[in-house]
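As structure tokens, the structure follows; a few thoughts come after it.
What you see below is based on every heavy atom in this structure, not just the backbone, and it leaves out hydrogens, waters and symmetry mates. Naming convention: chains lettered A, B, ... in sequence-line order (proteins, then strands); numbering from 1 in each chain.
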Amino acid sequence: MSEPQFALVDVNNFYVSCERVFNPRLESVPVVVLSNNDGCAVARSNEVKSLGVKMGTPWFKMKALAKAHGVVALSSNYALYGDMSARVVAILRGFTPAIEVYSIDESFLRIESVVKHYGDAVRLGQTVRARIAQWTGLPVCVGIGATKTIAKLANHLAKKRPEYDGVCDFHSLTAIEQEQCLRTIDVGEVWGVGARTVRQLEALQIQTVWDFYRAKPKAIREQFGVVLTRTWMELHGESCLSLEEISADKKQIIASRSFGKPVESIDDLRQSVATYVATAAEKLRAQQSLAAALHVFVMTNRFKDSEPQYDAGLTVPLAYPSDDTRTLTAAALAGLERLYRKGYRYKKSGVMLLDLSAKRLAQADLFEDTQIKAKSARLMRVMDQINQTWGRCSLRSGASGFEQPWAMRAAHRSPRYTTRWDELPVVR
DNA sequence: TCTGGGGTCCTAGGACCC
DNA sequence: TCTGGGGTCCTAGGACCC
């Protein structure tokens, strides 16, 4: 059996690139895509990155800079990004079925069995790049290595160093080149090394990837535990993290949002909670699970020191595990009644579905009414079908409200070009 | 005025069992 | 007077990821 060879394919500035595909005027213009509620920058074009704007910078803090440099800000358009992501994955499946969709814009591929058809790994990477560019218009970079962690690092090199032309196979570099690369990259760039660990490593004079690579595994194990030791081994070419081709069922499902403006009344909170339950329950049914408990939470704006703060949550167990939006909504609203305190300006609420189990393995209950259960299943199926056809929340419970004055802001959303007939791009 | 949302895994410590 | 040892399960909190 040949040694594993991983490729990490990652779309450059994914959300911004999706917007540019359909609006070429955004090309070579500085563009940011904002988080829900138009809060923070979650995607930045290269022009914006070179202005020094960091990931997660609040929009209101960069407005002056944005105005000075003509930065275009867009609200996030998840319908568009989700659809573009699916197209990229479909193309990648044409290269190999051994693929793990790691996030909306990244996939790992096992390529050792298909490399020979392309000559070498770099040529394979270039073919991937060219095909995705031609079929979707999106730019990607490809990093290749013996482990996922090395592939990630190679992807970083492919992005940062123009001489690689978007594809870097770490093992095609000479030992000296490899060392030079590792010496120039901060240890924080390594997959699995976060800000906290960086600070602790710096105290040990470990600053670059090279320093970390040369560290003693025993010391890493004793001070940092098994997780970072695994990262160290992966960097040394020992594959510890395998390709997860089949995405496991979620163990919890969360739905929550910040409000467009502060909310004080319990009526508005009820609407928001009911809305989020509906979203979460739809996901729950999509993976054919039941929830045995649910957690509902509310919080005030933690950035407002001047205002009284309240941050509370309550876990509500269910009599029977359920996937019925009505049952889950009733439980969540009952929890909310107990949580609610008058006199606060709430900023966010949310719901977590917990203790999930596969529906097909559900334990039948002697005292449960099977007719009601069957009706519930039918109703939920019809609701999901209608919402799939006509858009999320087309059919919803009255509890989620009509006006929804608390709804999040999305003032700069582009059309859902690829998923709505009435928003198709028009060529004149 | 304005500060995202959704996940997973690991560890330590306590409760509990035989 | 003397008071074991091994194990599991659960939970909270921390760290990480995109």
| task | Could you tell me the separation between the CG atom of A/N13 and the P atom of C/dC18, rounded to a whole number of Å? | result | 14 Å
| Whole-Å distance separating the NE2 atom of A/H295 from the C1' atom of B/dG6 | 15 Å
| query | When we call it a touch if two heavy atoms are under 4.0 Å apart, what does A/V190 touch: a base, just sugar-phosphate, or nothing? | reply | sugar-phosphate
| message | I need the CG-C1' distance between A/L8 and C/dC18, as an integer number of Å. | response | 12 Å
| said: Regarding A/D38, tell me which of base, sugar-phosphate or nothing describes its non-hydrogen contacts under 4.0 Å with the strands shown. | reply: nothing
| Side chain of A/R196 (C-beta onward), nearest among B/dT1, B/dG7, C/dA15 | C/dA15
| query | Side chains of A/N37 and A/S258: donor-acceptor distance under 3.5 Å anywhere? | reply | no
| request: Could you identify which residues of residues 249-271 of chain A place a heavy atom less than 4.0 Å from some atom of DNA chain B, listed by residue number, or say none? | output: A/K250, A/K251, A/Q252, A/I253, A/I254, A/A255, A/S256, A/R257, A/S258
| task | Would you check if the distance from the ring center of A/F108 to the ring center of A/W191 is below 6.0 Å? | result | yes
| request: Tell me yes or no: between the side chains of A/S400 and A/Q271, is some donor less than 3.5 Å from an acceptor? | output: no
| C/dC18 C1' sits how many Å from A/Y15 OH, rounded? | 8 Å
| A/T96 and A/I99: which non-hydrogen atoms are nearest, and at how many Å? | O-CG2, 4.1 Å
| message | Rounded at 0.5 Å granularity, tell me how far OG1 in A/T147 sits from CD in A/Q5. | response | 11.5 Å
| How many angstroms lie between OG1 in A/T325 and CZ in A/R285, if you round to the nearest 0.5 Å? | 3.5 Å
| Just how far, in rounded Å, is P of C/dC17 from NZ of A/K148? | 14 Å
| Donor-acceptor pair, A/D384 side chain versus A/R381 backbone, under 3.5 Å? | no
| message | Please tell me whether A/Y164 and A/F170 form a close aromatic pair, meaning their ring centres lie under 6.0 Å apart. | response | no
| request: Could you pick out which residue, A/N36 or A/R409, lies toward the 5' side of DNA chain B when each is mapped onto its nearest nucleotide? | output: A/R409
| Just how far, in rounded Å, is C1' of B/dG6 from CE of A/M352? | 10 Å
| query | Would the number of heavy atoms belonging to other residues, nucleotides or ligands and lying under 6.0 Å from CZ of A/R413 be above 12? | reply | no
| field | Between C1' of B/dT3 and CG of A/D311, the distance in whole Å | value | 16 Å
| Where does DNA chain B pair, written as one dot-bracket string 5' to 3', with Watson-Crick or G-U pairs under 3.5 Å, ( ) inside the strand, [ ] for crossing pairs and | for another strand? | ....||||||||||||||
| remark: Whole-Å distance, A/K304 NZ to B/dT1 C1', equals 7 Å
| query | Looking at A/K348, does any N or O in its side chain come under 4.0 Å of the phosphate oxygens OP1/OP2 on B/dG6? | reply | no
| query | Expressed in whole Å, how much space separates the P atoms belonging to C/dT3 and B/dC17? | reply | 23 Å
| said: Would you say A/H412 and A/S75 are linked by a side-chain donor-acceptor pair, where the criterion is simply a distance under 3.5 Å? | reply: no
| Does the side chain of A/N13 come under 3.5 Å of the side chain of A/S45 through a donor N or O and an acceptor N or O? | no
| field | Interface residues of residues 215-235 of chain A with DNA chain C (non-hydrogen, below 4.0 angstrom) | value | none
| note | Picking from B/dG5, B/dT3, C/dC17, the nucleotide nearest the side-chain atoms of A/N301 would be B/dT3
| said: Need one value for A/T197: base, sugar-phosphate or nothing, where a base atom within 4.0 Å counts as base even if backbone is also close, heavy atoms only. | reply: sugar-phosphate
| request: Compare side-chain N and O positions of A/K347 against OP1 and OP2 of B/dC2 and report whether any pair is under 4.0 Å apart. | output: no
| field | A/C18 to A/L138 - nearest heavy-atom pair and separation | value | N-CD2, 3.8 Å
